[in-house]
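Sending over a structure as structure tokens; questions will come in a sec.
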Amino acid sequence: MPPSADDAAASFDDYFRASKKPLLAMAYMITGDIQVAQDLTQEAFLRTWIRWPRVRNYDDPRAWTRKVLRNLIISKSRSDTVRRSPAGSPGNAPPPDETHVMLAAALRSLPENQMMAIVLHDGAGMSVPEVALAMKVPDGTVKSWLSRGRATAALSLDASLSTGGR
Amino acid sequence: MPTEPDRIQELVRQMNDTAENVEWDMEPEDIRARHRRRVFPAPDPKAIALVAAAVALIVVGFLVFRPAPHAVSTATTTTTTSGASKVTVPNVVGLAEAEAGEVLAKAELDVGAVSAVTSTRFSTGVVVSSDPGAGSELAAGASVALQVSSGPTTAPSTATPSTTTSTTTTGSALPTAPPCDTQPSGGSGIRPTTIFFGCATSNDYIGPISWSSWTSTTAIGSGTHNINDCQPECAGGTYSKFPVDVQLSNPGYLDGVFVFRTIATTPTTGVGTPESATATGLYGIWGWPSS
């Protein structure tokens, strides 16, 4: 094994440990199902590892994994409305929370930029300038995405609450 | 009471915290191990399915022509020494002459007369046909005549048949279909728009495919790779889709049909994994509509 392979593995380990929770959280915020979120996050990391020699040199590798993860989630939710957690969740996974499921659906239905702004700012607690930097837009744009996204999400959450969910 | 936008922020934060507090004992080593399993499939059920797919395999062929069903017009088949054990002629079309000799030797057959034929389909030195053809039964030790490409001597501009001077042409020589890249599109299902990995199922397929290049040795196109995760079962599974480049290569015969026997895909956007398969037999499912 060339030395660079070990080095790649080590740097991936660091990256993984630092990114695991934020990415899982992101997946949960837009799936509402911790198991699905874990599956997809794992898949996103796998794809990152496959391309790690290139991705590790990116300015923001996590942005790349995030994008992969987001694509996985979107394509999954398009083909099946994200499935409810099956009985017998392993570990300490909390039972699916109806509100979370509905909110996740509301977030998924937002335009992508609004969804990501909310996930990064409201969810992950990044500041507006941090989100703006990550998404490569001015601060003002992030603020407007946030407020429009929240308003739309609130409406669709109300709509699903009034129909008792789907 | 309508939900206030601020409440969304609160709820989203709550979701984030919920997820961050979940214990998840996923280690980077697990990711790398999973990758190895995928690349070198072993005990992973999904991987087994893939291997099964490759075995059960359908490849991807394209029907360049239907070989005249072993119409061995010349009765040159060997005089079978009675009592000698029978062997089946292996497929050697598409192999270099020397490789063909080795393959025949393994099957306890000798190389008989070797004749040169022009071919626009095979490069120089590659076996174009054998006499008798693959699948025929011969007595062990019998000889098989080979026709080896001497390259195109006539410009392939016109759809010149690739067959030879009529010298040793037998019924099993290459049929005189024009090279496929001169076939009109919308032709007889030669260029598949959908290719399945695996038998009868559509759990792993590429389509729709558009071909940018289609020659006698390779075909190159692009399309969408669709993979069913089969969770919880294939019937209710979810397809992941990603764009890929598709390459067909390794032309030759499978069960008497001339096809590309190897397919390889390469994801083009950083999403998805490469996949490849080589056909070992031909099943009844061609899996493509005529284009």
Side-chain angles (χ1 to χ4, degrees), chain A residues 9 12-13 15-17 20-22 24-29 32 34 37-39 41-42 45-51 54-55 64 68 71-72 75-76 79-80 83 86 91-94 97 99-100 103-104 106-107 118-119 121-125 146-147 149-151 153-155 157-158 161, chain B residues 1-39 44 46 224-233 235-243 266-275:
Chain A
F12 180 76
D13 287 7
Y15 170 73
F16 178 88
R17 295 211 170 85
K20 171 175 139 171
K21 286 204 165 184
L24 176 65
M26 166 189 156
Y28 180 65
M29 285 182 261
I34 199 70
Q38 287 175 342
D39 287 353
T41 305
Q42 192 186 7
F45 274 119
L46 176 63
R47 292 175 185 200
T48 305
W49 169 239
I50 290 168
R51 306 212 127 209
R54 196 182 307 174
V55 174
W64 193 87
V68 170
N71 289 342
L72 287 168
S75 65
K76 180 164 182 61
S79 41
D80 66 357
R83 87 189 132 93
N92 68 344
D97 176 319
T99 312
H100 287 185
L103 180 57
L107 292 181
I118 291 179
V119 164
H121 179 271
D122 294 354
L146 285 171
S147 74
R150 287 176 197 142
L155 287 177
L157 185 59
D158 285 341
L161 283 170
Chain B
M1 181 184 68
T3 306
E4 293 297 323
D6 282 357
R7 174 78 180 132
I8 295 293
Q9 180 167 7
E10 231 171 87
L11 282 169
V12 172
R13 169 50 62 87
Q14 201 183 85
M15 288 185 79
N16 181 79
D17 295 349
T18 303
E20 290 212 342
N21 287 325
V22 168
E23 225 157 272
W24 189 28
D25 55 355
M26 175 62 51
E27 293 297 328
E29 183 47 42
D30 299 330
I31 302 283
R32 290 199 295 272
R34 211 176 133 210
H35 177 226
R36 283 193 294 274
R37 278 201 302 278
R38 228 182 239 190
V39 176
D44 178 294
K46 237 182 183 173
T224 301
H225 196 156
N226 306 269
I227 302 176
N228 190 343
D229 65 4
C230 288
Q231 282 173 4
E233 301 160 50
T238 303
Y239 278 92
S240 59
K241 295 166 184 284
F242 48 89
T266 315
T268 50
T269 57
V271 175
T273 45
E275 197 158 330

field: 4.5 Å side-chain heavy-atom contact, A:Asp122 and B:Arg13
entry: no
message: Heavy-atom cut-off 4.5 Å, strictly under: side chain, backbone, both or neither for B:Arg7 against chain A?
response: neither
message: Between A:Asp13 and B:Arg32 (salt bridge meaning N to carboxylate O under 4.0 Å), is one present in this structure?
response: yes
message: As an exercise, state the distance from CG of A:Leu103 to OG1 of B:Thr3, rounded to the nearest 0.5 Å.
response: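 Between atom CG of A:Leu103 and atom OG1 of B:Thr3 there are 9.5 Å.
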message: Given heavy-atom pairs under 4.5 angstrom as the criterion, report whether the side chain, backbone, both or neither of A:Thr48 touches chain B.
response: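 Contact with chain B is absent: no heavy atom of A:Thr48 under 4.5 Å.
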- prompt: Which one, B:Met15, B:Glu20, B:Lys241, leads in non-hydrogen pairs under 4.5 Å with chain A?
  reply: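 Ranked by contacts with chain A, first place is B:Met15.
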message: With a 4.5 angstrom heavy-atom cut-off, is it the side chain or the backbone of B:Glu27 that approaches chain A, or both, or neither?
response: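 The answer is both parts of B:Glu27.
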message: Return the CG to OG distance between B:Asp6 and A:Ser147, rounded to the nearest 0.5 Å.
response: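 Spacing of CG (B:Asp6) from OG (A:Ser147) equals 10.5 Å.
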query: Out of curiosity, A:Asp39 CG to B:Met26 CE, how far, rounded to the nearest 0.5 Å?
result: 8.5 Å
message: Quick check on A:Leu107 against chain B: is it the side chain, the backbone, both or neither that has a heavy atom closer than 4.5 Å?
response: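 The side chain, not the backbone.
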field: Residue selection (most heavy-atom pairs with chain B, distance under 4.5 Å) from A:Ala104, A:Gly149, A:Gly125, A:Ala27
entry: A:Gly125
- request: Please round to the nearest 0.5 Å and tell me the distance separating atom CD1 of A:Ile34 and atom CH2 of B:Trp24.
  value: 8.5 Å
message: If the threshold is 4.0 Å, N to carboxylate O, is there a salt bridge linking B:Glu4 and A:Arg150?
response: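 Salt bridge absent between B:Glu4 and A:Arg150.
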message: For the CD atom of A:Gln38 and the CG atom of B:Asp25, what is their distance to the nearest 0.5 Å?
response: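 Going from the CD atom of A:Gln38 to the CG atom of B:Asp25 covers 8.5 Å.
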query: Hey, does B:Val22 have a side-chain heavy atom less than 4.5 Å from the side chain of A:Tyr28?
result: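 No, side chains not in contact.
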query: Which atoms of A:Arg54 come close to chain B, meaning under 4.5 Å heavy atom to heavy atom: side chain ones, backbone ones, both, or neither?
result: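 Contact with chain B involves no heavy atom of A:Arg54 at all.
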message: So, taking the atom named CG in A:Leu24 and the one named OG1 in B:Thr18, what distance separates them when rounded to the nearest 0.5 Å?
response: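 Taking CG in A:Leu24 and OG1 in B:Thr18, the distance rounds to 11.0 Å.
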Toward chain B, the part of A:Leu157 with a non-hydrogen atom under 4.5 Å: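 Contact with chain B involves the side chain of A:Leu157 alone.
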Options B:Ser240, B:Pro267, B:Pro5, ranked by heavy-atom pairs under 4.5 Å with chain A, top entry: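 Looking at each option in turn, the highest pair count goes to B:Pro5.
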- request: Quick one: do A:Thr99 and B:Leu11 satisfy side-chain contact (heavy atoms from CB on, under 4.5 Å)? Show the steps, please.
  value: CA-CA 9 Å; A:Thr99 312; B:Leu11 282 169; 4.1 Å; yes
- prompt: Any idea which heavy atoms bring A:Ala25 and B:Asn16 closest together, and the distance?
  reply: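 Taking A:Ala25 first and B:Asn16 second, the nearest heavy atoms are CB-OD1, 3.2 Å.
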